[in-house]
Amino acid sequence: MSSKLWGGRFTQPTDKFVEEFTASIEFDQRLYRYDIAGSKAHAEMLGRQGIIEADAAAQIIAGLDAILADIEAGKVEFSVALEDIHMNIEARLIDRIGAVGGKLHTGRSRNDQVAVDIRLYLRDEIDTVLGFLDRLEAALVTQAQQNLDVIMPGYTHLQTAQPVLFSHHMLAYREMIARDISRLQDLRARFNVMPLGAGALAGTTFPIDREWVAEKLGFAGVTRNSLDSVSDRDFAIEFCSFAGILMMHLSRLSEELILWSSADFNFIELSDAFCTGSSIMPQKKNPDVPELVRGKTGRVYGNLIALLTLMKSLPLAYNKDMQEDKEPLFDTIDTIKGSVKVFADMIAQMKVKADNMRIAAARGFSTATDVADYCVRKGLPFRQAHEVVGKTVRYCVETGKDIPELSLAEFREFSALIDEDIYDYVTLEASVNARKATGGTAREAVERELARLKDA
Ligand code: ARG
């Protein structure tokens, strides 16, 4: 037989450079375990259906098991001349068990084979990512529980806005991660259907049992259209889109961790295990991990755009272009696995500097809205209350005073509605704890949320 599995039609050998240029084995070898799992299920089905002899099926399965063991033991050198992981394994099988190995590819094409391999692979990787995301979510909740009462400045435009609980801030990120998890579960369920049986594009002439193979491989069902089965990569795009959103979330948290660990904010300390020093400035402790995650967000976005552009305008069904789907997908998986895992550990070990957060929260007239709300409760329309407090703040800026330091006489210069009880409303605790409705930053609202998460 020819060294190429498709050599029959050709009279001239492939150009050496073209061989390397068209090969994907360099990167698709990571699919080997899934390629073998798919082939074993296919072979067993062929035997059960009487499409190949039971003995042939048994030999093929034993051969594939032996090849799997060899690959895992590092005994296999893949060949560029054999182009991809599918033909490397099939050629090896034929080498090992003889011509009977050539029966494996009955009723199948590399087009439906690669479609099943990527799905099996992605499904496994998603389960790993889900495990890391659960750990990150738990770390955020634990930080919230351990720092329930810590007050920090809440910002808009990165200007001090209103005081919030640090626990509330951590739970904001938990919400984002929880949505990321649900997006990932959704897309996993959508693509967990088995494409084998589509053949090259039109289906197969053999009496295969697709449902049996699907069940064997843990799929929820089978794909419904052979053309779509071999040409669809929207599941990979959906995954990369999920990953882009996840990295966008992590980049925001990264940015805050970087700011918070600067000498100017000094709100947190990241564990030494996640930082590095400077080769010249002895005082430096750099937040490398969040910086890198912030940076890696770019390549994950890039991978999404690469896949969308790759698939744009491709006519049905399979096109060789689609071999280019793997590197962006693999890179995305590697990048988010690393990023989420390191974040879960880093957040768990982060130390919170409660005193510094509190001092910062008291600056910037963060309780000004509370004075306005107070005037509103005394009957003033909100717009006028806003004006009153605006003038009060200007007076504070000019005299170098803070809102809670003003005397009652000073307050009353701005509105006669203000009484002695104003002082009950302008402390940080009062400001925070007044925001009790679901989703607010009051201690009791955050506690209710933590309790709900515990029960969930
Ligand atoms: N290595 C190919 C890929 O990843 C496998 C499918 C090849 N099919 C084909 N008709 N050339 O896309």
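- Of the N and O atoms on the side chains of Asn286 and Glu291, not one donor lies less than 3.5 Å from an acceptor on the other residue.
- In this structure, Arg30 forms a cation-pi arrangement with Phe330, its terminal cationic atom sitting closer than 6.0 Å to the ring centre and no more than 45° off the ring axis.
- The aromatic ring centres of His169 and Trp260 sit less than 6.0 Å apart.
- Ion pairing between Glu444 and Arg448 holds under the 4.0 Å rule for side-chain N and carboxylate O.
- For the 3.5 Å distance criterion, the side chains of Glu72 and Tyr32 qualify, holding a donor opposite an acceptor.
- Between the side chain of Asn266 and the backbone N or O of Ala263 there is no donor-acceptor pair closer than 3.5 Å.
- Sorted by first then second residue, the ring pair (Phe, Tyr, Trp, His ring centres under 6.0 Å) pairs that include residues 422-446, not counting sequence neighbours, are Tyr374-Tyr425, Phe411-Tyr423.
- Note that Arg188 lies outside the cation-pi zone of Phe239, set by a 6.0 Å cut-off to the ring centre and a 45° limit from the axis.
- Side-chain N/O atoms of Thr369 and Gln162 include a donor and acceptor closer than 3.5 Å.
- Side-chain atoms of His86 and Asp28 include no donor-acceptor pair closer than 3.5 Å.
- A salt bridge does not link Glu413 with Lys391: every distance from a Lys NZ or Arg NE/NH1/NH2 to an Asp or Glu carboxylate oxygen is 4.0 Å or more.
- Aromatic ring centres of Phe343 and Phe132: separated by at least 6.0 Å.
- Residues forming a side chain to side chain donor-acceptor pair (under 3.5 Å) with Glu90 (at least two apart in sequence, or on another chain): none.
- Counting heavy atoms from C-beta outward, Met247 and Arg294 have side chains that stay 4.5 Å or more apart.
- Here the two rings, on Phe414 and Tyr395, have centers that are under 6.0 Å apart.
- No hydrogens or angles considered: nothing links the side chains of Arg412 and Ser407 as a donor-acceptor pair under 3.5 Å.
- Remark: Arg119 is positioned above the aromatic ring of Phe235, its terminal NZ or CZ atom under 6.0 angstrom from the ring centre and at most 45 degrees off the axis.
- Residues Leu140 and Gln143 are not in side-chain contact: their nearest non-hydrogen atoms beyond the backbone lie 4.5 Å or more apart.
- Between Leu136 and Leu250 there is a side-chain heavy-atom pair separated by less than 4.5 Å.
- Aromatic ring orientation, Phe267 versus Phe265: perpendicular (interplanar angle above 60°, classes split at 30° and 60°).
- Atom CG of Asp334 sits about 7.5 Å away from atom CD of Glu125, to the nearest 0.5 Å.
- Note on residues 74-89: pairs passing salt bridge (charged side-chain N to carboxylate O under 4.0 Å, His left out), not counting sequence neighbours, are Asp70-Lys75, Glu83-Arg110, Glu83-Lys320, Asp84-Arg110.
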